[in-house]
Trainee: 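This structure is in structure tokens; I'll ask about it shortly.
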Amino acid sequence: MNHGHGTSRLVGVGVGPGDPELVTVKGVNALRGAAVVVVPVMDTGERGRAEATVLHYVTADKVVRVVFALNERTDRARREAAWDAAGERVAELLRTHGSVAFATIGDPNVYSTFTYLAHTVGELLPGTAVETVPGITAMQDLAARSGAVLTEGTEPLTLVPVTAGAAVLREALEGPGTVVAYKFGRLAAEVATALRETGRTEDAVWGSALGLPEESIRPAAELDEGPLPYLSTLIAPAPRDGGRGGKL
């Protein structure tokens with residue numbers, strides 16, 4: 001796709017949950033087709049998951065690390081300053097190189113840093129063409145690895161980030177259908193309680209570091225053992241009769 005020399009192009013590429021084989025062919029082509037590939041460097045200890053995946057497909061000299069204070073929950077001013085600096089850096093790269101790919105774990109349109117980045121860059125460089133390439137999400141990967149079926153028949157699916165607390169999760173668990181929780185590592189004990197009190201523990205599974213050497217996939221009944229990695233995923237399948245639901 002040629003937008004002409006005057007247009008800079010920013011592509012958000014979903015690189016999946018960590019297993020390098022779960023990058024799409026389109027994603028690989030987008031990473032290789034961009035002049036530079038930006039990877040977010042975080043301060044969570046989870047740093048480098050997007051970068052590690054990207055390095056399977058492009059050479060290190062093409063990768064630019066940009067610091068995002070993604071884990072700054074308390075100091076809003078500091079977080080926004082970090083965002084603005086990251087946006088400025090990416091805008092500068094676009095001015096210099098014309099095309100930039102931004103690698104995000106999972107999918108760029110699902111709880112991703114890319115949305116905010118694209119907005120910031122759009123203000124700094126009006127007319128920038130912004131595109132996204134979808135990626136495999138952690139819930140899809142966990143379903144595949146655990147045998148938990150995400151949805152059957154007419155079941156709804158609710159995706160809840162637990163960063164805001166367990167109340168929203170509990171509300172979802174009290175409803176019908178399958179509930180998926182993201183980013184609940186810190187609140188593992190609260191999540192375990194919510195599952196137990198809504199009678200949803202039995203078929204539920206959690207996983208972290210999917211597709212990586214330190215991968216862990218376990219029944220949710222084993223959740224009480226303390227904090228988990230920040231990027232942990234939980235699937236609580238819809239209550240199903242007939243025992244057809246996926247069991248770990």
Trainee: Over all heavy atoms of both residues, which pair between A143 and A148 is shortest? Give the atoms and the distance, please.
Mentor: CB-O, 3.2 Å

Trainee: When you measure from the side chain of K62 to the backbone of L55, do you find a donor-acceptor pair of N or O atoms at a distance under 3.5 Å?
Mentor: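 Side chain of K62 to backbone of L55, a donor-acceptor pair under 3.5 Å: no, none is there.
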
Trainee: Rounded to the nearest 0.5 Å, what separates atom CD in E222 from atom CG in L228?
Mentor: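 The CG atom of L228 is 11.0 Å from CD of E222, to the nearest 0.5 Å.
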
Trainee: Is it the case that atom CD in E21 sees more than 12 heavy atoms from other parts of the structure closer than 6.0 Å?
Mentor: no

Trainee: Quick check: is V38 connected to V130 through a chain of hydrophobic side chains (ILVMFWY, heavy atoms under 4.5 Å apart)?
Mentor: yes

Trainee: Calculate, to the nearest 0.5 Å, the distance between atoms CD and CG belonging to E92 and L125 respectively.
Mentor: 10.5 Å

Trainee: Is the shortest side-chain heavy-atom distance between I217 and L142 below 4.5 Å?
Mentor: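 Yes - at least one pair of side-chain heavy atoms lies under 4.5 Å apart.
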
Trainee: Using side-chain heavy atoms (C-beta onward) and a distance below 4.5 Å, is K183 in contact with T163?
Mentor: yes

Trainee: Go through it in stages, so that I can follow the logic: the residues are T113 and F102, the test is side-chain contact (heavy atoms from CB on, under 4.5 Å), and I'd like the CA-CA distance, side-chain angles, deciding distance and then a yes or no.
Mentor: CA-CA 10 Å; T113 53; F102 178 84; 3.4 Å; yes

Trainee: Before giving the answer on side-chain contact (heavy atoms from CB on, under 4.5 Å), spell out for L210 and L22 the whole-Å C-alpha distance, their side-chain angles and the decisive distance to 0.1 Å.
Mentor: CA-CA 11 Å; L210 303 173; L22 289 179; over 6 Å; no

Trainee: Is there a chain of hydrophobic side chains (I, L, V, M, F, W, Y, each step under 4.5 Å between heavy atoms) that links V15 to V110?
Mentor: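 Cluster IDs for V15 and V110 differ.
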
Trainee: Looking at S99 and G33, what are the two nearest heavy atoms and their distance?
Mentor: OG-O, 4.2 Å

Trainee: Is the backbone N or O of P20 less than 3.5 Å from a side-chain atom of Y57, with the two atoms forming a donor-acceptor pair by type?
Mentor: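 Yes; at least one donor-acceptor contact below 3.5 Å.
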
Trainee: Just how far is it from atom OG1 of T53 to atom NE2 of H56, taken to the nearest 0.5 Å?
Mentor: 7.5 Å

Trainee: Taking side chain as C-beta onward, heavy atoms only, is Y111 less than 4.5 Å from L159?
Mentor: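 Yes. Closest side-chain heavy atoms under 4.5 Å.
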
Trainee: Is there a path from V58 to V90 through hydrophobic residues (I, L, V, M, F, W, Y) whose side chains come within less than 4.5 Å of each other?
Mentor: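 Different clusters.
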
Trainee: Could you report the tightest heavy-atom contact between L117 and W83, atom names first, then the distance?
Mentor: N-CZ3, 4.3 Å

Trainee: Is the closest side-chain heavy-atom distance between R240 and T178 below 4.5 Å?
Mentor: yes

Trainee: Is any side-chain heavy atom of V100 closer than 4.5 Å to a side-chain heavy atom of V11?
Mentor: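 Side chain of V100 against side chain of V11, heavy atoms only: no contact under 4.5 Å found.
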
Trainee: Starting at CH2 of W206, measure out to CG of L234 and round the result to the nearest 0.5 Å.
Mentor: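 The distance works out to 10.0 Å.
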
Trainee: If you group Ile, Leu, Val, Met, Phe, Trp and Tyr by side-chain heavy-atom gaps below 4.5 Å, do Y116 and L10 land in one group?
Mentor: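 Y116 and L10: one cluster.
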
Trainee: Is the closest side-chain heavy-atom distance between V66 and V41 below 4.5 Å?
Mentor: no

Trainee: Has R200 got a side-chain atom pairing as donor or acceptor with P237's backbone, closer than 3.5 angstrom?
Mentor: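 The answer is yes, because a donor-acceptor pair under 3.5 Å joins these two groups.
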
Trainee: With rounding to the nearest 0.5 Å, note down the distance linking CD in E215 to CZ in R145.
Mentor: 5.0 Å

Trainee: Looking only at non-hydrogen atoms, find the nearest pair between L195 and A236 and report the distance.
Mentor: CD2-CB, 4.0 Å

Trainee: Looking at every heavy atom in both A50 and A103, which two are closest together, and how far apart are they?
Mentor: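 Closest pair (atom of A50, atom of A103, distance): CB-O, 3.9 Å.
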
Trainee: Apply the test side chain to side chain donor-acceptor pair (under 3.5 Å) to residues T104 and S112: give CA-CA distance (whole Å), side-chain angles for both, the deciding distance (0.1 Å), then the verdict.
Mentor: CA-CA 7 Å; T104 172; S112 163; 3.2 Å; yes

Trainee: To the closest 0.5 Å, what do you measure between CG (L212) and CZ (R49)?
Mentor: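 Separation between the atoms: 5.5 Å.
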
Trainee: Report yes or no: does E123 contribute a side-chain atom to a donor-acceptor pair with the main-chain N or O of T120 at less than 3.5 Å?
Mentor: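 No; zero donor-acceptor contacts below 3.5 Å.
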
Trainee: I'd like to know whether R89 forms a side-chain contact (heavy atoms from CB on, under 4.5 Å) with V64, so could you lay out the CA-CA distance, the side-chain angles of the two residues, the decisive distance to 0.1 Å, and finally the verdict.
Mentor: CA-CA 10 Å; R89 181 83 180 93; V64 178; 3.8 Å; yes

Trainee: Can you see which heavy atom on V133 is nearest to which on K26, and at what distance?
Mentor: CG1-CG, 3.9 Å

Trainee: Begin with the C-alpha distance, continue with both residues' side-chain angles, and end with the deciding distance and a verdict on side-chain contact (heavy atoms from CB on, under 4.5 Å) for I136 and D19.
Mentor: CA-CA 10 Å; I136 302 290; D19 179 347; over 6 Å; no

Trainee: For the side-chain contact (heavy atoms from CB on, under 4.5 Å) test, which of L157, L169, T137, T158 pairs with V180?
Mentor: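 Testing V180 for a side-chain contact (heavy atoms from CB on, under 4.5 Å) against L157, L169, T137, T158 leaves exactly one candidate, L157.
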
Trainee: Taking L93 as the starting point, is it possible to reach V121 by hopping between hydrophobic residues whose side chains are less than 4.5 Å apart?
Mentor: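 They do share one cluster, since a chain of ILVMFWY contacts under 4.5 Å joins V121 to L93.
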
Trainee: Any donor-acceptor pair under 3.5 Å linking the side-chain atoms of T128 with those of S8?
Mentor: yes

Trainee: Going by an N to O cut-off under 4.0 Å, is there a salt bridge joining E190 and R170?
Mentor: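 Here E190 does not pair with R170 in a salt bridge, since their nearest N and O are not under 4.0 Å apart.
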
